[in-house]
2 protein chains.
Amino acid sequence: MPIRIIIFDDNDKLRESLAYLLKTQPEYEMVGEYNNCKEAATITRVYKPDVVLMDIDMPGDSGINGVRYVKETRPQTSVIMYTVFEDDEKLFQCLCAGANGYLLKQTPPQKLFDGIQEVIAGGAPMSPVIARKVLNSFQHGKSNKYFLTPREIEVLHLLIKGYSAKMIAANLDISFDTARAHLKNIYQKLHVNSGKEAIGKALGEHIV
Amino acid sequence: MPIRIIIFDDNDKLRESLAYLLKTQPEYEMVGEYNNCKEAATITRVYKPDVVLMDIDMPGDSGINGVRYVKETRPQTSVIMYTVFEDDEKLFQCLCAGANGYLLKQTPPQKLFDGIQEVIAGGAPMSPVIARKVLNSFQHGKSNKYFLTPREIEVLHLLIKGYSAKMIAANLDISFDTARAHLKNIYQKLHVNSGKEAIGKALGEHIV
DNA sequence: TTCGGTATCACTCAAATGAGTGAGTACCCG
DNA sequence: CGGGTACTCACTCATTTGAGTGATACCGAA
């Protein structure tokens with residue numbers, strides 16, 4: 001059974017030649033090509049594609065919204081971004097919108113075919129420079145610019161898990177008042193005045 | 001100039017056969033292989049490898065610490081995790097520690113070679129299932145599987161910012177008790193029983 | 001029109017929390 | 001040895017919070 005593919009790209013020449021290229025391969029079936037993604041939801045619902053190739057820069061709704069339309073309508077459809085942008089902002093917006101792959105337009109056709117196969121197999125094809133950016137985004141290690149002591153970090157971890165002072169005391173085998181003392185010190189160091197603020201700050205600034 | 005490679009893996013048989021395999025390729029130079037990563041920092045400083053293949057499950061320091069040692073000592077060295085684990089926890093710990101790639105041990109040799117070339121070229125080789133996990137981690141698509149109402153989402157946002165019930169009431173221009181009523185409903189829907197837990201759950205599960 | 005959901009508000013009560021103050025022990029480092 | 005830091009614990013006090021109960025008003029769907 002051929003892989004059903006739809007392309008959204010406002011560059012007519014590129015889109016058509018890409019469609020032509022895919023049609024020459026027996027394992028793919030082009031079920032649609034569009035120069036905008038306004039109707040992406042309807043199109044997806046009607047044609048049930050296995051794979052969608054989505055450009056970003058299109059008139060009207062951008063491809064970032066296009067991803068949302070497709071994934072909200074039919075989550076099992078794999079969406080591969082196919083664009084010239086290696087801009088961080090757009091990249092992460094696409095990923096957050098649920099894109100399953102991200103290939104730059106400089107990708108040679110054979111690699112594009114590989115990517116389609118990979119995404120069908122449950123993978124996530126990415127151009128090397130993109131994959132690197134994605135992994136780099138994880139390297140924001142705990143800074144600890146607030147000079148929390150080891151014990152305070154332990155307490156903060158439990159606090160983030162939603163533990164009350166009493167539970168923290170029991171968990172660390174210290175007295176209730178000691179747990180509260182640690183919490184007070186943590187709040188001072190983080191310049192907050194409640195556990196809720198501390199949790200927000202800790203999670204937001206990746207302190208832990 | 002050959003690519004200088006070091007392997008850390010406590011499986012002697014696998015490590016040695018891998019080293020042998022790499023030695024047969026003229027473009028690679030094996031400059032070391034170790035069954036633990038205790039001295040990874042020193043080894044990295046002395047031998048200046050271009051690429052490090054790092055297992056996770058090793059006696060003593062785990063490969064996750066190994067990544068830290070290598071990247072702290074010599075950031076320009078690329079570290080590729082090479083392991084059987086596709087466990088989420090370990091995966092993201094490795095990425096946060098600065099790994100530049102993540103290949104499962106089931107990867108055929110040719111793909112491993114490709115991965116080494118890719119990482120040298122500035123890419124981030126990942127096994128398909130890993131790449132998919134990584135991209136999935138970005139899909140903060142507000143799931144709202146807890147059926148929060150629009151108003152409750154507003155309240156939750158303020159709660160996450162550390163606002164007290166009184167502040168939420170003032171901010172939304174509603175009474176103190178109404179704000180508390182919304183909070184109580186939110187806690188019920190999230191199956192928690194404190195604001196701290198709600199914040200933890202909301203941020204942890206990317207509800208908002 | 002009735003029913004359900006949402007949003008609003010009020011009251012009570014026990015428990016938890018934040019803030020302040022003080023103090024003892026242990027350890028490392030100079 | 002002395003000083004600093006971390007960790008521990010106790011007590012008070014006002015405020016906040018979670019939980020329970022009940023009520024009113026609006027709106028859209030059945």
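Just so it is clear: chains get the letters A, B, ... in the order the sequence lines come, proteins before strands, and each one is counted from 1.
Atom CZ in B/F176 sits about 15 Å away from atom P in C/dT8, given to the nearest Å. Between the CG atom of A/N193 and the P atom of D/dT16 there is a distance of 11 Å, rounded to whole Å. Straight-line distance from the CD1 atom of B/I199 to the P atom of C/dT17: 13 Å, rounded to whole Å. When rounded to the nearest whole Å, the span between NZ of B/K189 and P of C/dG5 equals 10 Å. Separating the CD1 atom of B/I174 from the P atom of C/dC9 is a distance of 6 Å, rounded to the nearest angstrom. Rounded to a whole Å, the CG atom of A/L148 is 10 Å from the P atom of D/dA6. Separating the CG atom of A/N185 from the C1' atom of C/dT21 is a distance of 13 Å, rounded to the nearest angstrom. One interatomic measurement links the two molecules: CG of A/L190 to P of C/dA19, which rounds to 12 Å at whole-angstrom precision.
The phosphate of D/dA19 has neither OP1 nor OP2 within less than 4.0 Å of any side-chain N or O from B/Y187. B/K196 has no side-chain polar atom (N or O) that falls below the 4.0 Å cut-off from OP1 or OP2 of C/dA16. Between A/T149 and D/dC7 there is a side-chain polar atom (N or O) within less than 4.0 angstrom of OP1 or OP2. OP1 or OP2 of C/dT8 lies within a sub-4.0 Å distance of a side-chain N or O belonging to B/H182.
A/H157 has its side chain out of reach of A/I168: every pair of non-hydrogen atoms, C-beta onward, lies at least 4.5 Å apart. Using a 4.5 Å heavy-atom cutoff, the side chains of A/I80 and A/L103 are in contact.
With no hydrogens or angles considered, no side-chain donor-acceptor pair links B/D9 and B/Y34 at under 3.5 Å. A side-chain N or O of A/Q117 and one of A/Y28 form a donor-acceptor pair less than 3.5 Å apart. Looking only at atom types and distance, the side chain of B/N100 has a donor-acceptor partner in the side chain of B/K71 under 3.5 Å away.
Residue B/T178 is classed as a base contact, given a heavy-atom separation below 4.0 Å to a base.
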**Q.** Base versus backbone protein contacts along nucleotides 20-30 of chain D [heavy-atom cut-off under 4.0 Å; B, S, -]
**A.** B----------

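With sequence neighbours excluded, the residues satisfying side chain to side chain contact (heavy atoms under 4.5 Å, CB included) with B/K48 are B/R74.
A side-chain donor-acceptor contact under 3.5 Å links A/S127 to the backbone of A/L104.
Positionally, the nearest nucleotide of DNA chain C for B/P150 lies more toward the 5' end than for the other of B/P150 and A/L183.
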